[in-house]
Amino acid sequence: MSQIIKPKSISGFPEWLPAERYIELKWFDTIREIFESYGFCSIETPSVEALEVLTAKGEVDKEIYVIERLHKEDGEKEARLALHFDQTVPMARYVAQNFNELKFPFKRYQMQRVWRGERPQAGRFREFYQCDIDVINVDNLPLYFDAECPAIMVEILQKLDIGSFKMQLNNRKILAGFCQALGIDDFVPVTRIVDKLEKIGADNVKKQLLTELSLSDAQANQILSFASIKSSDDGFAKAVRDLGVSHPTLDEGIDELVFVINTLNNLVKGNFEVDMSIVRGLDYYTGTVYETRFTDAPSYGSICSGGRYEDLAGNYINKKLPGVGISIGFSRLFDYIRAQGKLPKGRQSPADMLIVLFDESQRLWAIDLAKQLRNGEFLAAGRKMNVEIYHSATKLKKQLSYASEKGIPYVVFPPADPGGMPELKFMDDPDRAQEALTKLTGF
RNA sequence: GCGGCUGUAGCUCAGUGGUAGAGCCCUCGGUUGUGGUCCGAGUUGCCGCGGGUUCGAUCCCCGUCAGUCGCCCCA
């Protein structure tokens with residue numbers, strides 16, 4: 001007897017049951033439709049990139065999966081390939097490589113899996129889907145896109161009906177200028193600490209600013225006052241200026257963010273908040289940054305983040321290509337709603353109808369009917385149906401429970417006598433078959 | 001990468017120093033062409049893996065692997 005391998009899923013590599021997958025596909029459809037409704041085109045890049053492409057930015061704090069051939073000979077030379085950990089880096093490579101074929105501003109979306117070798121946790125996977133949009137232009141990119149990208153994402157999140165959430169935004173130039181005005185040259189370490197304000201509280205943030213960065217008490221206090229500023233409109237600008245700190249970069253950041261939040265509030269209603277503590281750890285962001293959390297579970301992590309970068313493709317081409325992009329952490333989002341039991345009830349089967357058989361002699365009739373239903377020839381509305389024929393003329397009880405358990409809403413019974421009309425049964429409510437049929441056909 | 005907790009049937013879990021149980025699920029049945037309920041019957045386990053203590057370990061000890069939570073980081 002051969003050894004059986006106990007089947008189990010690998011932690012951090014999510015997979016769903018058919019009914020859940022059914023909903024997941026609906027979500028992908030919704031996202032794709034809205035991306036395209038704003039004129040974003042689709043591209044797909046390979047799962048792997050040359051390792052040097054992924055590590056071109058220098059600091060490699062992302063856990064990268066490297067792939068290798070099992071039968072590679074010792075000492076055999078082979079290009080080092082690795083699974084991409086996001087879609088921004090592959091896109092940058094793609095844009096640089098195809099620069100002459102693309103029309104700018106280049107607006108693309110990408111919905112693919114990415115891989116990170118981190119420790120899995122609730123909402124943190126090692127393989128997951130991201131749905132990205134980015135706009136890239138040559139030399140200069142209009143600030144309008146800093147508002148359009150998040151507006152699209154919020155429209156999607158509203159459409160997906162995920163419950164209460166808030167997208168927070170900021171502009172890194174504001175903190176950068178603020179720090180410089182306070183005499184702090186390197187503001188990046190400050191961002192890491194300030195970013196944790198909501199999580200660890202003001203006292204701990206201050207403590208870390210004092211001990212880890214050796215800031216003065218006055219500097220720490222100023223930064224704390226600054227980081228606590230929030231507003232749902234451009235009111236933050238006055239609050240920041242009232243702190244009495246002045247710097248050209250600071251002013252530039254404020255002006256940009258005022259434009260972005262005002263534009264945003266015209267594009268999509270609600271869900272936005274300017275928050276000076278949102279700065280993002282990633283240091284390639286140079287302007288507007290975004291982060292999105294569930295209102296009732298802020299510590300779950302961001303489900304949609306991104307920002308503007310001055311020049312992302314500089315490693316691959318001798319041109320300046322600024323961009324702005326934002327990404328839905330699809331798997332993180334989907335799994336949260338799934339785990340909360342808030343997913344719409346999916347179906348185990350996409351079949352709309354099951355044709356049952358009382359006798360094998362009815363199979364040819366069933367095959368013919370199924371063909372018509374699939375082609376939309378049978379129903380007046382021309383709607384194409386997904387149709388399954390039960391595989392054997394067994395007990396009706398078995399055939400019906402098959403339909404019931406797979407979530408197939410309609411069952412068709414062969415006519416009592418050849419040439420007669422088939423009977424239609426609506427599984428959810430057998431008494432309302434006719435009504436259901438009306439709904440089905442659109443009449 | 002660091003720290004806490006947990007590993008027993010497909011799932012959720014109980015249990016005892018003498019090689020194991022419940023519920024759910026699943027399969028079949030309760031006769032002839034209408035599912036979900038109910039009733040009956042039945043299947044299922046290297047008690048994570050390796051070593052140690054012991055006459056004997058699923059239970060105690062050590063290690064290991066896996067899972068999970070927190071930190072770090074991030075979608």
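Quick note on labels: first sequence line is chain A, next is B, and so on, each numbered from 1.
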Worksheet item: Can you say whether the rings of A:F330 and A:Y129 are parallel (under 30°), tilted (30 to 60°) or perpendicular (over 60°)?
Response: perpendicular
Worksheet item: A:P14 and A:E127: which non-hydrogen atoms are nearest, and at how many Å?
Response: CD-O, 3.2 Å
Which residues satisfy the side chain to side chain contact (heavy atoms under 4.5 Å, CB included) test with [X], sequence neighbours excluded?
X	value
A:S42	A:Y109
A:S228	A:L197
A:A147	A:V260, A:T263, A:L264, A:L267
A:K207	A:N204

Is [X] salt-bridged to [Y], going by a charged N under 4.0 Å from an acidic O?
X	Y	value
A:E148	A:K107	yes
A:D368	A:K371	no
A:D311	A:K320	no

Worksheet item: Sequence neighbours excluded, which residues qualify as side chain to side chain donor-acceptor pair (under 3.5 Å) partners of A:E118?
Response: none
Fill in: side chain to side chain donor-acceptor pair (under 3.5 Å) involving A:N137 - partner list, sequence neighbours excluded
none
Suppose you measure atom [atom1] in [N] against the same atom in [M]; what distance do you get, rounded to whole Å?
N	M	atom1	value
B:A9	B:A14	C1'	13 Å
B:U43	B:C28	C1'	11 Å
B:G21	B:U58	C1'	13 Å
B:G56	B:G17	C1'	8 Å
B:A20	B:G30	P	35 Å
B:G4	B:C62	P	13 Å
B:G40	B:U34	P	24 Å
B:C5	B:G63	P	13 Å

If you restrict it to nitrogen or oxygen atoms, what contacts under 3.5 Å exist between nucleotides 64-67 of chain B and the protein, and what is each distance?
residue : atom : partner : partner atom : Å
B:G67   : OP1  : A:S11   : N            : 3.2

Practice prompt. Using only heavy-atom distances, decide whether a donor-acceptor pair under 3.5 angstrom links the side-chain of A:S404 to the base of B:G35.
Written response: yes
Please state how far atom [atom1] in [X] lies from atom [atom2] in [N], giving the value in whole angstrom units.
X	N	atom1	atom2	result
A:M353	B:U34	CE	P	21 Å
A:W115	B:A75	CH2	P	17 Å
A:I355	B:G35	CD1	P	20 Å
A:L400	B:G36	CG	P	9 Å
A:K397	B:U31	NZ	C1'	12 Å
A:Y285	B:C73	OH	C1'	14 Å
A:D134	B:A75	CG	P	12 Å
A:K196	B:C74	NZ	C1'	13 Å

Sugar-phosphate only, base, or nothing, as touched by [X] at under 4.0 Å among non-hydrogen atoms:
X	answer
A:K406	nothing
A:G123	base
A:F125	base
A:C131	nothing
A:L396	base

Can you tell which of [options] lies closest to the side chain of [X]?
X	options	result
A:K425	B:C69, B:A75, B:G35	B:G35
A:F413	B:G35, B:A75, B:G33	B:G33
A:A122	B:C69, B:G30, B:A75	B:C69

Worksheet item: Please, which pairs that meet salt bridge (Lys or Arg N to Asp or Glu O under 4.0 Å) have at least one residue in residues 390-416 of chain A, sequence neighbours excluded?
Response: none
Worksheet entry | Contact letters for nucleotides 1-6 of chain B, in which S counts primed atoms plus P, OP1 and OP2 and B counts the base, heavy atoms under 4.0 Å | BB----
N/O to N/O distances under 3.5 Å, protein versus nucleotides 25-29 of chain B:
residue : atom : partner : partner atom : Å
B:C28   : OP1  : A:K398  : NZ           : 2.9

Discussion item. Check for me: is A:F330 stacked on B:A75 by the 5.5 Å centroid and 30° plane-angle rule?
Written reply: no
Practice prompt. Between A:I200 and A:S401, name the one whose nearest nucleotide on RNA chain B is closer to the 5' end.
Written response: A:S401
Practice prompt. Map A:S302 and A:E423 onto RNA chain B by nearest heavy atom, then report which one ends up closer to the 5' terminus.
Written response: A:E423
Worksheet item: Atom CD in A:E310, atom OG1 in A:T286: separation rounded to 0.5 Å?
Response: 4.0 Å
Pairs under 3.5 angstrom only: tabulate donor-acceptor contacts from the side chains of residues 332-343 of chain A to other protein residues two or more places apart or in another chain.
residue : atom : partner : partner atom : Å
A:R332  : NE   : A:G123  : O            : 2.7
A:R332  : NH1  : A:S302  : O            : 2.8
A:R332  : NH2  : A:G123  : O            : 3.3
A:D335  : OD1  : A:R338  : NE           : 3.0
A:D335  : OD1  : A:R338  : NH2          : 2.8
A:R338  : NH1  : A:E20   : OE2          : 3.4

Worksheet item: Any chance the side chains of A:Y22 and A:Q348 put a donor and an acceptor closer than 3.5 Å?
Response: no
Discussion item. Please identify which of these residues, A:I193, A:T211, A:L224, meets the side chain to side chain contact (heavy atoms under 4.5 Å, CB included) condition with A:K206.
Written reply: A:L224
Worksheet, complete the sentence: Secondary structure of RNA chain B per the Watson-Crick/G-U criterion (both distances under 3.5 Å; [ ] crossing, | other strand, . unpaired) is (((((((..((((.......)))).(((((.......))))).....(((((.......))))))))))))....
